[in-house]
Amino acid sequence: MQKTILITGATDGIGLETVRQLVAGGHKVLLHGRNSDKLAKVDKDLSALSGAGPIETYVADLSDLAQVGVLAGEIASQNDQLDVLINNAGVYRTNQPLTDNGMDVRFVVNTIAPYLLTRKLLPLMSSCGRIINL
């Protein structure tokens with residue numbers, strides 16, 4: 001059964017490996033990344049997989065909470081249901097530890113952004129929906 005799955009931080013590491021498996025399994029995967037070039041490359045590579053399911057890409061910098069809201073709105077405008085939300089994006093090391101408004105970027109990306117995104121997408125979640133926070 002094909003599911004609609006959103007994963008943040010889908011261009012590197014665990015996120016990339018996860019989406020590779022989900023796309024190969026025929027699921028509709030919504031990919032989030034903050035770098036449009038990397039996201040386009042991942043989309044191209046995954047679309048070439050045998051049996052690949054549909055892919056949508058979304059660009060947003062999760063350290064900017066306004067962009068988190070825009071991301072949720074774009075996802076909602078393109079999809080009427082979400083079965084799985086995987087909050088995978090995260091920051092460990094950074095050259096810019098503070099956001100423009102003085103908040104710790106790690107706290108914003110790792111804690112506040114996933115909470116805000118989840119709250120805004122709850123109306124889309126299916127009755128058997130899952131939310132996974134990494």
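Computed from a predicted structure; not experimentally measured.
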Is there a donor-acceptor pair under 3.5 Å between the side chain of [X] and the backbone N or O of [Y]?
X: N88; Y: G9; result: yes
X: D83; Y: G129; result: no
X: T99; Y: S63; result: no
X: S77; Y: E74; result: yes

Item checked: Single hit among H32, K28, Q78 for side chain to side chain donor-acceptor pair (under 3.5 Å) with E56 -> K28
Distance check, rounded to the nearest 0.5 Å: [X] atom [atom1] versus [Y] atom [atom2]?
X: S36; Y: R34; atom1: OG; atom2: CZ; answer: 12.0 Å
X: I131; Y: L6; atom1: CD1; atom2: CG; answer: 10.5 Å
X: Q21; Y: L16; atom1: CD; atom2: CG; answer: 10.5 Å
X: L31; Y: L46; atom1: CG; atom2: CG; answer: 6.0 Å
X: T18; Y: I5; atom1: OG1; atom2: CD1; answer: 10.0 Å

Check: Quick one: are P114 and T8 in side-chain contact, heavy atoms under 4.5 Å?
Finding: no
Check: Any side-chain heavy atom of P54 sitting closer than 4.5 Å to one from Q2?
Finding: yes
Next item on the list: Quick one: which residue pairs count as a salt bridge (charged side-chain N to carboxylate O under 4.0 Å, His left out) with a foot in residues 91-105, not counting sequence neighbours?
Entry: D104-R106
Please name the pair of heavy atoms, one in [X] and one in [Y], separated by the smallest distance, quoted to 0.1 Å.
X: R130; Y: M125; value: O-CE, 3.3 Å
X: N110; Y: A89; value: OD1-O, 4.4 Å
X: K120; Y: A72; value: CB-CB, 3.6 Å
X: L62; Y: V108; value: O-CG1, 3.7 Å
X: A10; Y: V42; value: O-CG1, 4.1 Å

Can you list the residues that meet the side-chain contact (heavy atoms from CB on, under 4.5 Å) rule with [X], with sequence neighbours excluded?
X: L124; value: I75, A76, L82, L121
X: K41; value: D45
X: Q96; value: T94

Margin query: So, using side chain to side chain donor-acceptor pair (under 3.5 Å) as the criterion, who are the partners of D64 when residues are at least two apart?
Written below: Q67
Check: Is the number of heavy atoms from other residues, nucleotides or ligands under 6.0 Å of D80 CG greater than 12?
Finding: no
Next item on the list: For L98, look at atom CG and say whether over 12 heavy atoms of other residues, nucleotides or ligands are found less than 6.0 Å away.
Entry: yes
Check: Stepwise, does the side-chain contact (heavy atoms from CB on, under 4.5 Å) test hold for M103 with I112?
Finding: CA-CA 11 Å; M103 296 177 68; I112 299 173; 3.4 Å; yes
Same cluster (ILVMFWY, side-chain, under 4.5 Å), [X] and [Y]:
X: L71; Y: V91; value: yes
X: L85; Y: V59; value: no
X: I7; Y: L49; value: yes
X: V68; Y: L30; value: yes
X: F107; Y: L116; value: yes

Notebook entry, point to check: If we ignore angles and hydrogens, is there a donor and acceptor under 3.5 Å between the side chains of T11 and N35?
Noted result: no
Note to self: Is there a side chain to side chain donor-acceptor pair (under 3.5 Å) between N79 and T4? Walk through the geometry before answering.
What the structure shows: CA-CA 9 Å; N79 297 275; T4 301; 5.2 Å; no
Next item on the list: Tell me, please, which residues at least two apart from R20 pass salt bridge (Lys or Arg N to Asp or Glu O under 4.0 Å).
Entry: E17
Check: Can you tell which of V19, V29, V23, I55 makes a side chain to side chain contact (heavy atoms under 4.5 Å, CB included) with D43?
Finding: I55
